[in-house]
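Chain letters run A, B, ... following the sequence lines, proteins first and then strands; every chain starts at 1.
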Amino acid sequence: MATGLHAPILDWYAENARDLPWRRPGAGPWAILVSEIMLQQTPVVRVLPVWTEWMERWPTPAALAAEPPGEAVRHWGRLGYPRRALNLHACARAITAEHAGQVPSSYEELRRLPGIGDYTAAAVASFAFGRSHAVLDTNVRRVLARAVRGEEYPPKATTTAERRLAESLLPALDAPRWAVAVMELGALVCTARTPRCADCPVAAACAWRLAGRPAYEGPERRGQTYAGTDRQCRGRLLAVLRDAHGAVPKAALDAVWDDAVQRERALDGLVADGLAEVVDEGAYRLPT
DNA sequence: TAGGCGTGGAC
DNA sequence: TGTCCAAGCCT
(Lines give C-alpha, C1' and ligand atoms only; values in the text may rest on other atoms or scores of the structure.)
Protein backbone atom coordinates (compact mmCIF):
# COMPACT_ATOMS: atom_id res chain seq x y z
CA MET A 1 0.00 0.00 0.00
CA ALA A 2 1.17 3.48 -0.90
CA THR A 3 4.63 2.19 -1.75
CA GLY A 4 4.79 4.86 -4.43
CA LEU A 5 5.74 7.29 -1.67
CA HIS A 6 9.21 5.86 -1.11
CA ALA A 7 11.22 6.90 -4.14
CA PRO A 8 9.96 10.50 -4.35
CA ILE A 9 10.48 11.12 -0.65
CA LEU A 10 13.93 9.50 -0.56
CA ASP A 11 14.98 11.47 -3.64
CA TRP A 12 13.63 14.67 -2.13
CA TYR A 13 15.54 13.99 1.08
CA ALA A 14 18.78 13.43 -0.81
CA GLU A 15 18.47 16.95 -2.18
CA ASN A 16 16.95 18.78 0.76
CA ALA A 17 18.18 17.25 4.00
CA ARG A 18 19.49 19.74 6.54
CA ASP A 19 23.07 19.29 7.64
CA LEU A 20 22.50 18.65 11.34
CA PRO A 21 25.46 17.64 13.52
CA TRP A 22 23.73 14.59 15.01
CA ARG A 23 23.13 13.27 11.50
CA ARG A 24 26.79 13.34 10.52
CA PRO A 25 28.66 10.05 10.16
CA GLY A 26 30.80 10.80 13.22
CA ALA A 27 27.82 11.17 15.54
CA GLY A 28 27.72 8.21 17.90
CA PRO A 29 24.77 6.73 19.80
CA TRP A 30 25.24 9.05 22.77
CA ALA A 31 25.22 12.16 20.57
CA ILE A 32 22.08 10.89 18.87
CA LEU A 33 20.36 10.00 22.14
CA VAL A 34 21.07 13.45 23.55
CA SER A 35 19.73 15.09 20.40
CA GLU A 36 16.53 13.05 20.47
CA ILE A 37 15.73 13.94 24.06
CA MET A 38 16.45 17.60 23.43
CA LEU A 39 14.30 17.61 20.30
CA GLN A 40 11.20 16.38 22.15
CA GLN A 41 8.72 19.22 21.63
CA THR A 42 11.57 21.59 20.89
CA PRO A 43 12.60 23.21 17.56
CA VAL A 44 15.95 22.33 15.99
CA VAL A 45 17.23 25.90 16.02
CA ARG A 46 16.95 26.08 19.77
CA VAL A 47 18.49 22.67 20.33
CA LEU A 48 21.61 23.25 18.23
CA PRO A 49 23.63 25.49 20.59
CA VAL A 50 22.70 23.54 23.72
CA TRP A 51 23.47 20.18 22.11
CA THR A 52 26.85 21.45 20.96
CA GLU A 53 27.75 22.66 24.44
CA TRP A 54 26.56 19.42 26.04
CA MET A 55 28.58 17.25 23.69
CA GLU A 56 31.73 19.24 24.34
CA ARG A 57 31.16 19.13 28.07
CA TRP A 58 29.92 15.55 28.34
CA PRO A 59 31.09 13.56 25.30
CA THR A 60 30.22 10.22 26.93
CA PRO A 61 27.50 8.92 29.25
CA ALA A 62 30.16 8.38 31.92
CA ALA A 63 31.16 12.04 31.80
CA LEU A 64 27.63 13.18 32.50
CA ALA A 65 27.04 10.43 35.05
CA ALA A 66 29.96 11.76 37.08
CA GLU A 67 28.20 15.09 37.61
CA PRO A 68 25.41 15.92 40.04
CA PRO A 69 21.98 16.07 38.33
CA GLY A 70 21.79 19.80 39.02
CA GLU A 71 24.57 20.43 36.52
CA ALA A 72 22.52 18.80 33.78
CA VAL A 73 19.60 21.05 34.74
CA ARG A 74 21.83 24.13 34.80
CA HIS A 75 23.26 23.51 31.35
CA TRP A 76 19.84 22.69 29.97
CA GLY A 77 19.36 26.44 29.94
CA ARG A 78 16.04 27.59 28.58
CA LEU A 79 15.25 24.59 26.38
CA GLY A 80 12.07 23.94 28.32
CA TYR A 81 10.67 20.81 29.98
CA PRO A 82 13.73 20.59 32.30
CA ARG A 83 12.70 17.16 33.53
CA ARG A 84 14.33 16.02 30.30
CA ALA A 85 17.69 17.15 31.71
CA LEU A 86 17.08 15.00 34.76
CA ASN A 87 16.01 12.11 32.54
CA LEU A 88 19.14 12.40 30.44
CA HIS A 89 21.28 12.43 33.56
CA ALA A 90 19.49 9.34 34.83
CA CYS A 91 19.99 7.73 31.42
CA ALA A 92 23.72 8.46 31.68
CA ARG A 93 23.92 6.85 35.11
CA ALA A 94 21.91 3.80 34.03
CA ILE A 95 23.99 3.37 30.89
CA THR A 96 27.18 3.63 32.93
CA ALA A 97 26.03 1.27 35.66
CA GLU A 98 24.07 -1.28 33.68
CA HIS A 99 25.34 -1.14 30.10
CA ALA A 100 29.09 -0.75 30.60
CA GLY A 101 28.92 2.84 29.43
CA GLN A 102 27.51 1.98 26.01
CA VAL A 103 24.10 3.17 24.84
CA PRO A 104 22.03 0.00 24.40
CA SER A 105 21.14 -0.86 20.82
CA SER A 106 17.76 -2.56 21.12
CA TYR A 107 14.40 -0.87 21.22
CA GLU A 108 13.42 -2.81 24.34
CA GLU A 109 16.47 -1.78 26.34
CA LEU A 110 16.22 1.82 25.20
CA ARG A 111 12.54 1.91 26.07
CA ARG A 112 13.34 1.09 29.70
CA LEU A 113 15.52 4.16 30.14
CA PRO A 114 13.91 7.17 31.83
CA GLY A 115 12.29 9.67 29.47
CA ILE A 116 12.55 7.34 26.49
CA GLY A 117 9.16 6.43 25.10
CA ASP A 118 8.01 4.74 21.91
CA TYR A 119 9.19 7.45 19.59
CA THR A 120 12.63 8.04 21.11
CA ALA A 121 13.43 4.33 21.48
CA ALA A 122 12.54 3.72 17.84
CA ALA A 123 14.48 6.79 16.71
CA VAL A 124 17.68 5.89 18.57
CA ALA A 125 17.51 2.23 17.57
CA SER A 126 17.08 3.36 13.97
CA PHE A 127 19.40 6.32 13.66
CA ALA A 128 22.19 5.13 15.94
CA PHE A 129 22.08 1.40 15.27
CA GLY A 130 20.44 0.96 11.85
CA ARG A 131 17.54 -1.05 13.19
CA SER A 132 14.22 -1.19 11.38
CA HIS A 133 11.40 0.37 13.41
CA ALA A 134 8.32 2.41 12.65
CA VAL A 135 9.40 5.87 13.81
CA LEU A 136 6.17 7.69 14.56
CA ASP A 137 6.68 11.28 15.54
CA THR A 138 4.34 14.19 14.95
CA ASN A 139 5.89 14.89 11.53
CA VAL A 140 5.51 11.34 10.26
CA ARG A 141 1.98 11.09 11.63
CA ARG A 142 0.99 14.30 9.87
CA VAL A 143 2.54 13.28 6.54
CA LEU A 144 0.78 9.92 6.62
CA ALA A 145 -2.50 11.44 7.76
CA ARG A 146 -2.46 13.73 4.76
CA ALA A 147 -0.86 11.66 2.04
CA VAL A 148 -2.61 8.39 2.83
CA ARG A 149 -5.68 9.09 4.97
CA GLY A 150 -6.61 12.38 3.35
CA GLU A 151 -6.96 14.26 6.62
CA GLU A 152 -5.28 17.46 7.65
CA TYR A 153 -4.12 16.25 11.06
CA PRO A 154 -3.57 12.89 12.73
CA PRO A 155 -5.62 11.87 15.79
CA LYS A 156 -4.49 13.26 19.15
CA ALA A 157 -3.13 9.94 20.34
CA THR A 158 -1.36 7.43 18.11
CA THR A 159 -3.74 4.68 17.01
CA THR A 160 -3.04 1.08 16.10
CA ALA A 161 -4.17 1.91 12.57
CA GLU A 162 -1.43 4.54 12.32
CA ARG A 163 1.14 2.11 13.65
CA ARG A 164 0.08 -0.60 11.24
CA LEU A 165 0.26 1.83 8.36
CA ALA A 166 3.73 2.99 9.35
CA GLU A 167 4.90 -0.61 9.71
CA SER A 168 3.44 -1.54 6.34
CA LEU A 169 5.54 1.23 4.80
CA LEU A 170 8.84 0.08 6.29
CA PRO A 171 11.22 -0.56 3.40
CA ALA A 172 13.25 -3.75 3.22
CA LEU A 173 16.42 -1.70 2.84
CA ASP A 174 17.57 1.27 4.90
CA ALA A 175 14.57 1.85 7.14
CA PRO A 176 16.43 4.56 9.09
CA ARG A 177 16.89 6.66 5.98
CA TRP A 178 13.20 6.32 5.16
CA ALA A 179 12.27 7.38 8.68
CA VAL A 180 14.44 10.48 8.69
CA ALA A 181 13.29 11.40 5.19
CA VAL A 182 9.60 11.37 6.13
CA MET A 183 10.33 13.31 9.30
CA GLU A 184 12.25 15.90 7.32
CA LEU A 185 9.45 16.23 4.80
CA GLY A 186 7.02 16.89 7.63
CA ALA A 187 9.37 19.40 9.24
CA LEU A 188 10.18 21.38 6.11
CA VAL A 189 7.30 20.95 3.62
CA CYS A 190 4.27 19.18 5.06
CA THR A 191 4.14 21.57 8.00
CA ALA A 192 1.27 21.89 10.44
CA ARG A 193 0.16 25.45 9.74
CA THR A 194 1.01 26.33 6.16
CA PRO A 195 2.03 23.28 4.12
CA ARG A 196 4.10 24.00 1.05
CA CYS A 197 2.36 21.59 -1.29
CA ALA A 198 4.00 23.26 -4.30
CA ASP A 199 7.35 21.94 -3.09
CA CYS A 200 6.13 18.50 -2.08
CA PRO A 201 7.49 15.45 -3.89
CA VAL A 202 4.28 13.46 -3.30
CA ALA A 203 1.76 16.23 -3.97
CA ALA A 204 0.43 14.39 -7.02
CA ALA A 205 -0.43 11.36 -4.90
CA CYS A 206 -1.50 13.13 -1.70
CA ALA A 207 -5.03 12.13 -0.68
CA TRP A 208 -5.56 15.32 1.32
CA ARG A 209 -4.47 17.65 -1.47
CA LEU A 210 -6.47 15.67 -4.05
CA ALA A 211 -9.54 16.08 -1.83
CA GLY A 212 -9.08 19.84 -1.91
CA ARG A 213 -7.28 20.14 1.44
CA PRO A 214 -10.43 19.83 3.56
CA ALA A 215 -10.24 21.48 6.98
CA TYR A 216 -9.67 19.39 10.07
CA GLU A 217 -12.93 18.08 11.51
CA GLY A 218 -11.81 16.18 14.57
CA PRO A 219 -12.15 17.14 18.22
CA GLU A 220 -10.95 20.54 19.44
CA ARG A 221 -7.17 20.86 19.48
CA ARG A 222 -6.53 22.29 22.88
CA GLY A 223 -4.48 25.42 23.03
CA GLN A 224 -3.36 26.00 26.56
CA THR A 225 -2.69 29.47 27.81
CA TYR A 226 0.62 29.91 29.49
CA ALA A 227 0.63 33.26 31.25
CA GLY A 228 -0.23 32.86 34.91
CA THR A 229 0.00 29.06 34.96
CA ASP A 230 1.95 26.90 37.37
CA ARG A 231 4.18 26.05 34.43
CA GLN A 232 5.20 29.64 33.98
CA CYS A 233 5.74 29.98 37.71
CA ARG A 234 7.93 26.85 37.82
CA GLY A 235 9.93 28.21 34.91
CA ARG A 236 10.57 31.49 36.70
CA LEU A 237 11.62 29.78 39.91
CA LEU A 238 13.90 27.30 38.21
CA ALA A 239 15.55 30.09 36.20
CA VAL A 240 16.57 31.72 39.47
CA LEU A 241 18.10 28.46 40.75
CA ARG A 242 19.87 27.84 37.44
CA ASP A 243 21.41 31.28 37.24
CA ALA A 244 22.64 31.25 40.80
CA HIS A 245 25.47 28.95 41.79
CA GLY A 246 24.79 27.32 45.11
CA ALA A 247 21.96 27.96 47.50
CA VAL A 248 19.35 30.64 46.87
CA PRO A 249 17.57 32.35 49.78
CA LYS A 250 13.85 31.88 49.57
CA ALA A 251 13.39 35.66 49.40
CA ALA A 252 15.01 35.62 45.95
CA LEU A 253 12.36 33.13 44.79
CA ASP A 254 9.54 35.08 46.38
CA ALA A 255 10.64 38.08 44.34
CA VAL A 256 9.83 36.51 40.95
CA TRP A 257 6.18 35.52 41.54
CA ASP A 258 3.54 37.46 43.40
CA ASP A 259 0.88 34.85 44.17
CA ALA A 260 2.26 33.17 47.30
CA VAL A 261 -0.11 30.19 47.20
CA GLN A 262 0.75 29.37 43.61
CA ARG A 263 4.42 30.01 44.22
CA GLU A 264 4.56 27.55 47.12
CA ARG A 265 2.70 24.96 45.12
CA ALA A 266 5.10 25.37 42.20
CA LEU A 267 8.15 25.22 44.43
CA ASP A 268 6.88 22.09 46.14
CA GLY A 269 6.31 20.63 42.69
CA LEU A 270 9.88 21.35 41.63
CA VAL A 271 11.18 19.66 44.78
CA ALA A 272 8.86 16.68 44.31
CA ASP A 273 10.09 16.33 40.73
CA GLY A 274 13.72 16.38 41.81
CA LEU A 275 14.43 19.63 40.00
CA ALA A 276 15.10 21.53 43.22
CA GLU A 277 16.38 20.70 46.67
CA VAL A 278 15.73 22.21 50.07
CA VAL A 279 18.97 23.30 51.70
CA ASP A 280 17.45 24.34 54.99
CA GLU A 281 14.37 26.25 56.04
CA GLY A 282 15.37 29.31 54.09
CA ALA A 283 17.13 28.22 50.91
CA TYR A 284 16.87 26.10 47.76
CA ARG A 285 19.30 24.88 45.11
CA LEU A 286 19.56 22.63 42.09
CA PRO A 287 19.79 18.92 43.00
CA THR A 288 23.21 17.72 44.13
C1' DT B 1 -6.55 8.64 28.89
C1' DA B 2 -6.54 13.36 29.50
C1' DG B 3 -3.87 16.67 31.39
C1' DG B 4 0.54 18.45 33.23
C1' DC B 5 4.90 19.74 31.91
C1' DG B 6 8.71 25.24 29.36
C1' DT B 7 9.93 28.24 26.08
C1' DG B 8 10.04 31.31 22.29
C1' DG B 9 9.22 32.15 17.30
C1' DA B 10 5.85 32.75 13.56
C1' DC B 11 1.82 34.72 11.82
C1' DT C 1 -1.99 40.50 20.29
C1' DG C 2 -3.03 36.09 21.17
C1' DT C 3 -2.91 31.64 19.32
C1' DC C 4 -0.58 27.83 17.60
C1' DC C 5 3.09 24.97 17.38
C1' DA C 6 7.88 22.43 17.95
C1' DA C 7 11.75 14.94 16.65
C1' DG C 8 6.95 13.38 23.61
C1' DC C 9 6.76 11.34 28.09
C1' DC C 10 4.58 10.13 32.27
C1' DT C 11 0.87 9.36 35.47
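For Arg193(A), whose side chain is taken as the heavy atoms from C-beta onward, the closest listed nucleotide among dC4(C), dG6(B), dA7(C) is dC4(C). Side-chain atoms of Tyr81(A) lie closest to dG6(B) of the nucleotides dT7(B), dG6(B), dA7(C).
A donor-acceptor contact under 3.5 Å links the side chain of Arg231(A) to the base of dG6(B).
Toward the 5′ end of DNA chain C lies the nearest nucleotide of Ala123(A), the other residue of the pair Ala123(A) and Gly115(A) mapping further downstream. Across the interface with DNA chain C, nearest-nucleotide mapping of Val180(A) and Asn87(A) shows Val180(A) to be the residue nearer the 5′ end. Checking Val45(A) against Asp230(A), the closest nucleotide of DNA chain B that is more toward the 5' end is the one next to Asp230(A).
The gap from the P atom of dA7(C) to that of dC5(B) amounts to 23 Å, rounded to the nearest Å.
Proximity of Arg78(A) to the phosphate of dG8(B): a side-chain N or O atom is located under 4.0 Å from OP1 or OP2. Phosphate contact (OP1/OP2 of dT3(C), side-chain N/O of Tyr226(A), threshold under 4.0 Å): absent. Between Thr42(A) and the phosphate of dT7(B), there is no side-chain N or O to OP1/OP2 separation shorter than 4.0 Å. At least one side-chain nitrogen or oxygen of Gln41(A) sits closer than 4.0 Å to the OP1 or OP2 atom of dG8(C). For dA6(C), neither phosphate oxygen OP1 nor OP2 lies less than 4.0 angstrom from any side-chain nitrogen or oxygen of Arg46(A).
Residue-level contact check: Leu79(A) touches the bases, meaning some heavy atom is under 4.0 Å from a base atom. When heavy atoms are screened at a 4.0 angstrom cut-off, Arg23(A) is found touching base atoms of the nucleic acid. Counting any heavy atom pair closer than 4.0 Å across all strands shown, Arg18(A) reaches a base atom. Nucleic acid contact class of Thr194(A) (heavy atoms, under 4.0 Å, all strands): none. No engagement by Trp76(A) is indicated, since no non-hydrogen atom pair under 4.0 Å with the nucleic acid exists.
Between the CZ atom of Arg84(A) and the C1' atom of dG8(C) there is a distance of 9 Å, rounded to whole Å.
For the 3.5 Å distance criterion, the side chains of Asp230(A) and Gln262(A) qualify, holding a donor opposite an acceptor.
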